[in-house]
2 protein chains.
Amino acid sequence: MQISASFGKPAPVSGAKLPFHAGNETLALDRKDLAILAELTTNARASHTELAVKVGLSSTALARRQKALEDEGYIQAYQAALDLSQFGLTTTVLVRIALESQSDEALKAFEAEVVKCPSVIRCFLMSGTDDYILIVLARDIQDFERIHRTELSRLPRVARVQSSFALREIVNRAVPTVVFGQAKR
Amino acid sequence: MQISASFGKPAPVSGAKLPFHAGNETLALDRKDLAILAELTTNARASHTELAVKVGLSSTALARRQKALEDEGYIQAYQAALDLSQFGLTTTVLVRIALESQSDEALKAFEAEVVKCPSVIRCFLMSGTDDYILIVLARDIQDFERIHRTELSRLPRVARVQSSFALREIVNRAVPTVVFGQAKR
DNA sequence: TCTCCTTGGGCACACCGACGCGCATCTACC
DNA sequence: GGTAGATGCGCGTCGGTGTGCCCAAGGAGA
């Protein structure tokens, strides 16, 4: 059976195996689980046998663990990573947006529209200055001008838009390496 | 054969099939290619037959196209997406860092160290104010204090560190939807 | 208009490997 | 000593994958 893209996330049933203790320690995963996750993060299509030798398990044991990791929701999905530069999207822009008002209605209106912007890949509501930060992908600066005109400036309740361009990307990780750091069990 | 995680990226050989024209149009992919990519972005472990019915091709034709997409570098890798909240990483922090000097040597020194920070998942060199913006994942605010102390404050040549917390994440996409928009062929 | 050639699609088949199951074993803990 | 959880081995089945071959459509050239 092929594994479907997204797994149901059943609330942790067994009281014995909580995902992690409230404080910050005792993750219910051991070294081998983390090794499996680390490998799947790199190569999601590895077969059981292939993973088994890398982790140091039999393929049976590995299959059981991998399925458990899926069922318990540690693995959300398996996805192909595209090379966006092949699509011409080489320019990353960080956009800071302040709204006219911080009323709940204004936030809702803004957020309902920003999810529709096809060039926006990330949007955070920020603390402090109470505004949004977006990450936008564009082909180049001219293209960003178009995005600014056709997507961003049409967002509702916007008071101020401030853009800064990324000259270079030094780090780009899906998962912080700290996750694979020390096992707890 | 299982597909390995990362593919060699042979420079586009055939002069006839450039990835895309310099300007901004005429991507060398048609609707079906984009459908394959969209589907693999969601479910990287789909079998040829499974994908074939979704795209409307035979499994043979689909296998050929998928292999081509890999060979031409459109697909960089297949990777498992982890649910970081399962690891307690629920707090996203945007950190702005200004250096004491913008000398090439200072930039190099800083960048050499920032890639080693295990809690940093993103780092951009920004235009304008000539500083860096990092995206950091932490368990909570206390944990970020620890990260600030043990990771960030040890970075070389730093003049100023300014942190703001993300209260909520409105958009989180790996690929801008604009990619799957209109086919060119 | 006819033909040749190229490009891409579909069908059929065979092989190989992955997958899942059952069972025995081992260890830790009570 | 017994139980529970986890591992490893062996096996059979099933399905995916890759190949060879033929076909259809479109373009170029004579």
Side-chain angles (χ1 to χ4, degrees), chain A residues 1-5 7-8 10 12-20 26-37 39-40 42-72 74-75 78-80 183-185, chain B residues 1-5 7-8 12-20 26-37 39-40 42-72 74-75 77-80 183-185:
Chain A
M1 186 198 79
Q2 278 296 336
I3 298 164
S4 74
F7 318 100
V13 186
S14 85
K17 202 178 184 183
L18 289 171
F20 50 86
T26 333
L27 188 67
L29 300 179
D30 63 5
R31 236 165 252 101
K32 292 187 175 171
D33 285 319
L34 294 180
I36 294 170
L37 292 179
E39 187 59 28
L40 284 173
T42 303
N43 179 10
R45 307 194 58 159
S47 68
H48 291 166
T49 14
E50 194 175 343
L51 283 174
V53 298
K54 293 205 181 186
V55 176
L57 281 176
S58 72
S59 72
T60 319
L62 184 122
R64 272 194 289 261
R65 293 175 91 119
Q66 183 175 349
K67 176 150 185 359
L69 291 170
E70 293 164 359
D71 291 343
E72 291 162 11
Y74 291 100
I75 299 174
Y78 297 102
Q79 49 194 28
K184 305 300 171 48
R185 209 176 50 175
Chain B
M1 187 196 78
Q2 279 296 338
I3 297 165
S4 73
F7 317 100
V13 186
S14 87
K17 201 178 184 183
L18 288 170
F20 50 84
T26 334
L27 188 66
L29 301 178
D30 63 7
R31 240 166 247 100
K32 293 188 175 169
D33 286 319
L34 294 179
I36 295 168
L37 292 178
E39 187 58 30
L40 284 173
T42 303
N43 179 10
R45 307 192 59 155
S47 68
H48 291 165
T49 14
E50 194 175 338
L51 283 175
V53 299
K54 293 206 182 186
V55 176
L57 281 176
S58 72
S59 73
T60 319
L62 184 122
R64 273 196 288 259
R65 293 175 90 120
Q66 183 174 350
K67 175 147 185 1
L69 290 170
E70 293 164 0
D71 291 343
E72 290 162 12
Y74 290 99
I75 299 173
Y78 297 102
Q79 48 195 28
K184 306 299 171 50
R185 209 175 50 173

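Chain letters run A, B, ... following the sequence lines, proteins first and then strands; every chain starts at 1.
When A:His48, A:Lys32, A:Arg64 are each tested for a side chain to side chain contact (heavy atoms under 4.5 Å, CB included) with A:Leu57, only one passes: A:Lys32.
We find that CG of A:Asp33 is positioned 16 Å from P of D:dG5, with the value rounded to whole Å. Computed from coordinates, the A:Arg65 CZ to C:dG20 C1' distance equals 18 Å when rounded to whole Å. In this entry the distance linking CZ of B:Arg31 with P of C:dG9 reads 14 Å, nearest Å. Residue B:Asn43 contributes atom CG, which lies 13 Å from atom P of D:dG16 at whole-angstrom precision. Straight-line distance from the CD1 atom of A:Ile36 to the P atom of D:dA6: 13 Å, rounded to whole Å. Going from atom CG of A:Leu51 over to atom P of D:dT7 covers 14 Å, rounded to whole Å. Atom CG of B:Leu62 is separated from atom C1' of C:dG10 by 13 Å (rounded to the nearest Å). Atom C1' of nucleotide D:dG16 and atom CD of B:Glu50 are separated by 11 Å, given to the nearest angstrom.
For B:His48, whose side chain is taken as the heavy atoms from C-beta onward, the closest listed nucleotide among D:dT17, C:dG8, C:dG20 is D:dT17. When the nucleotides D:dT7, C:dG8, C:dG10 are ranked by their closest atom to the side chain of A:Ala61, D:dT7 comes out on top. Considering only the side chain of B:Leu57, C:dG10 comes nearest among C:dG10, D:dT7, C:dC19. Nearest nucleotide to the A:Arg45 side chain, out of D:dT7, D:dT17, C:dA18: D:dT17.
A donor-acceptor contact under 3.5 Å links the side chain of A:Thr60 to the base of D:dC9. In this model, a side-chain donor or acceptor of B:Arg64 finds a partner on the base of C:dG9 within 3.5 Å.
Direction of the helix axis in the helix from C:dT1-D:dA30 to C:dC30-D:dG1 shifts by 30° between the two five-pair termini, rounded to 10°.
Within 4.0 Å of A:Ser59, counting heavy atoms only, lies no atom of the nucleic acid at all.
In terms of heavy atoms, A:Leu69 sits closest to A:Leu37 at CD1-CD2, 3.8 Å. When all heavy atoms of B:Ala44 and A:Ala80 are compared, the closest pair comes out as CB-N, 3.6 Å. The two atoms that bring A:Thr42 and B:Ala77 nearest to each other are O-CB, 4.4 Å, heavy atoms only. Looking at every heavy atom in both residues, B:Leu51 comes nearest to B:Ala46 through CG-CB, 3.7 Å.
For the atom pair OH of B:Tyr78 and CG of A:Leu40, the computed distance is 15.0 Å after rounding to the nearest 0.5 Å.
Side-chain N/O atoms of A:Ser47 include one lying less than 4.0 angstrom from OP1 or OP2 on C:dA18. Regarding contacts with the backbone of D:dT7, every side-chain N or O of A:Ser58 stays at 4.0 angstrom or more from both OP1 and OP2.
For the pair A:Arg65 and A:Val55, the minimum side-chain heavy-atom distance is 4.5 Å or more.
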